[in-house]
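Position 1 is the first residue of the sequence; numbering continues from there.
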Amino acid sequence: MHWLKVSFILCMFGCFKDFRPSESFLTDYLTGPWKNFTASEVNHEIYPVTTYSYLSTLILMFLITDFIRYKPIIILCGLSGTTTFLLIILGDSVPILQIAKFFFGLFMSAEVAYYTYIYAQVDKTHYQDVTSYTKGACLFGRSMSGIIAQLTASFDLLNYHQLNYLTLSAIGIATIWSFFLPPVGQSIYFHHINRISIDEENSDAIEHTLFCKVKNAYALLLKHFVLAYSNYRVIKWSAWWAFSTCGYLMVVTYSQLLWQTAVKPGDRIYNGAVDFAYAILGSISVFCVGKIRLNWNLLGDIMCSVFAFLEGSILLISSYSYNIQILYVGYVIFGVIYHVMVTVASFEVAKCISEDSHGLIFGVNIFLALLMQSLLTFVVVNTIMLNIRQQFYIYSGYFMVLAMIYLVLSVINIRQYRRSMTQLRTR
């Protein structure tokens, strides 16, 4: 039952890692009397740092995680999260908060080790179980942080500043907990026992030098990459994965700034309750979509088009609406749609690739999403300097264009399907 023990330790880490109640009110905290930053400083100078940091550090994390066998990166994840919220508590200037957001980007990029560690520790027969356990633990931590944040704020038990101490304590516990993770004896690329050599002529020779390990590992990485992205279905679903994730990250990063524009003085803020509802409904929806049996080869493109159009419509309404309830509901629906469709994309991609390359494809797709997010942030937030409502108008157009692209793909796909069915009948 080794895999159950490892799963339990990893799930506890994930639960505490995602228990961050202060995040539900982070924008109000930064612009409130505790820090006194302006909304413009938060929008244009502080928040974008996370995007750039996430992109740049993900490359490094992706290259070294397998090489140094996961556990050190998981520990780094905890340490960088602890540093982030310690700086947020103590910092009172834009540069210090920018450093905090840099460490938060590192924290997010180091999560790649959390999501891939388990595949190097358990047998393939348990992959589906441990994947659901670890994702469920993170969603549980996120939902609990949302409801606790809301209850403590609503009943004036803790203010927004004090919520940071809850977050810091939880991530500190996660960091300590990470030291109890069993070390990885072998990994997928650099330290795999009985790995077949890429060079078939020397397959019987076992070379232990560092250079050969690195050469063979990256040759195998390249092989998996080419095999995966030579498949049209992998390209199509990976494109959806990357484009939708880019848009999703932009929305969740800047939503609290949009909500601020709709809150009247004296109104109670329900950001924590919204985060709770979002996490619970998202987890239920993801579980249900895993049980639904549809012909995604035929219906996938049209479903992507419909949902992208719905997401774009939600963001368009949000960019004009000053009704906070509408903004809250739109945010929850938008998030649930994203998680459902990215789950579909992940298992459709998984059907077409080897089990060993799951982490690779996951990393590449996230990297592409972050690259596009960085470009979008640079243009919309840091160059054109649009205000928050204009930004959401642009994000709406982004999803509308995505809807049109997948509508065209769906028409082509349906025509090809009809043609193939006609050919079958005539035989």
Side-chain angles (χ1 to χ4, degrees), residues 7 10 13-14 17-18 54-71 73-74 76-77 105-122 124 126-139 184 187-190 192 217-218 220-231 233-249 282 286 289-290 296 338-374:
S7 298
L10 198 64
F13 174 85
K17 170 183 69 71
D18 274 24
Y54 192 2
L55 173 67
S56 58
T57 56
L58 179 67
I59 301 171
L60 178 63
M61 293 300 106
F62 185 70
L63 291 175
I64 69 172
T65 293
D66 189 273
F67 183 70
I68 62 176
R69 310 188 196 196
Y70 305 92
K71 183 176 176 178
I73 302 300
I74 296 177
L76 176 63
C77 179
L106 178 61
F107 168 78
M108 295 175 68
S109 65
E111 286 182 326
V112 68
Y114 171 78
Y115 289 111
T116 53
Y117 165 91
I118 200 69
Y119 300 122
Q121 276 285 14
V122 304
K124 292 179 181 179
H126 300 300
Y127 276 8
Q128 184 172 343
D129 292 327
V130 296
T131 300
S132 63
Y133 294 162
T134 51
K135 288 186 177 181
C138 291
L139 284 170
V184 174
S187 60
I188 294 174
Y189 292 105
F190 287 96
H192 201 296
Y218 283 109
L220 186 59
L221 276 167
L222 179 61
K223 178 182 178 182
H224 281 174
F225 178 88
V226 172
L227 284 175
Y229 289 104
S230 297
N231 188 309
R233 286 177 59 194
V234 172
I235 294 175
K236 182 173 64 177
W237 282 108
S238 292
W240 170 263
W241 191 339
F243 279 109
S244 62
T245 298
C246 167
Y248 165 80
L249 290 173
V286 166
V289 79
W296 291 105
Y338 166 76
H339 283 294
V340 166
M341 291 308 296
V342 84
T343 299
V344 174
S346 63
F347 66 62
E348 284 298 304
V349 167
K351 291 177 183 177
C352 305
I353 62 177
S354 65
E355 290 179 334
D356 281 354
S357 59
H358 287 172
L360 170 65
I361 305 308
F362 171 83
V364 170
N365 290 343
I366 293 298
F367 172 76
L368 292 174
L370 291 173
L371 181 61
M372 289 184 288
Q373 185 197 7
S374 296

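In terms of heavy-atom proximity, Trp237 sits nearest to Trp296 at CZ2-O, 4.1 Å. In terms of heavy-atom proximity, Tyr229 sits nearest to Ser238 at CE2-OG, 3.8 Å. Taking each heavy atom of Cys77 and Phe107 in turn, the nearest pair found is O-CD1, 3.0 Å. In terms of heavy-atom proximity, Ile74 sits nearest to Tyr114 at CG1-N, 4.0 Å.
To the nearest 0.5 Å, atoms CH2 (Trp241) and CD (Glu348) are separated by 12.0 Å. Interatomic distance, OH of Tyr117 versus CG of Leu10, reported as 7.0 Å (0.5 Å rounding). For the atom pair OG (Ser244) and CG (Asn365), the distance works out to 9.5 Å, reported to the nearest 0.5 Å. Leu227 CG to Leu222 CG: the interatomic distance, rounded to the nearest 0.5 Å, is 9.5 Å. Taken from NE2 in His224 to CD1 in Ile353, the straight-line distance is 9.5 Å, to the nearest 0.5 Å.
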Which is it for Leu249 and Leu370 under the side-chain contact (heavy atoms from CB on, under 4.5 Å) test, yes or no, and what are the steps along the way? CA-CA 9 Å; Leu249 290 173; Leu370 291 173; 3.8 Å; yes

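Partners of Lys236 under the salt bridge (Lys or Arg N to Asp or Glu O under 4.0 Å) rule, at least two apart in sequence or in another chain, are Asp301. For Tyr54, there are no ring-ring contact (aromatic ring centres under 6.0 Å, His included) partners two or more places apart in sequence or in a different chain. For Glu111, the salt bridge (Lys or Arg N to Asp or Glu O under 4.0 Å) test picks out Lys17, with sequence neighbours left out. The side-chain contact (heavy atoms from CB on, under 4.5 Å) search around Ser374 returns Thr51, Tyr52, Leu55, not counting sequence neighbours. Tyr248 pairs by the ring-ring contact (aromatic ring centres under 6.0 Å, His included) definition with Tyr338, His339, not counting sequence neighbours. Applying the ring-ring contact (aromatic ring centres under 6.0 Å, His included) test to Trp240 and every residue at least two apart in sequence or in another chain returns Tyr406.
Side chain of Thr245 to backbone of Ala242: no donor-acceptor contact under 3.5 angstrom is found. The backbone N or O of Thr343 sits less than 3.5 Å from a side-chain atom of Ser346, completing a donor-acceptor pair.
A heavy-atom distance below 4.5 Å is found between the side chains of Met61 and Leu106. When side chains are defined from C-beta on, Leu368 counts as touching Val364, because their heavy atoms get closer than 4.5 Å.
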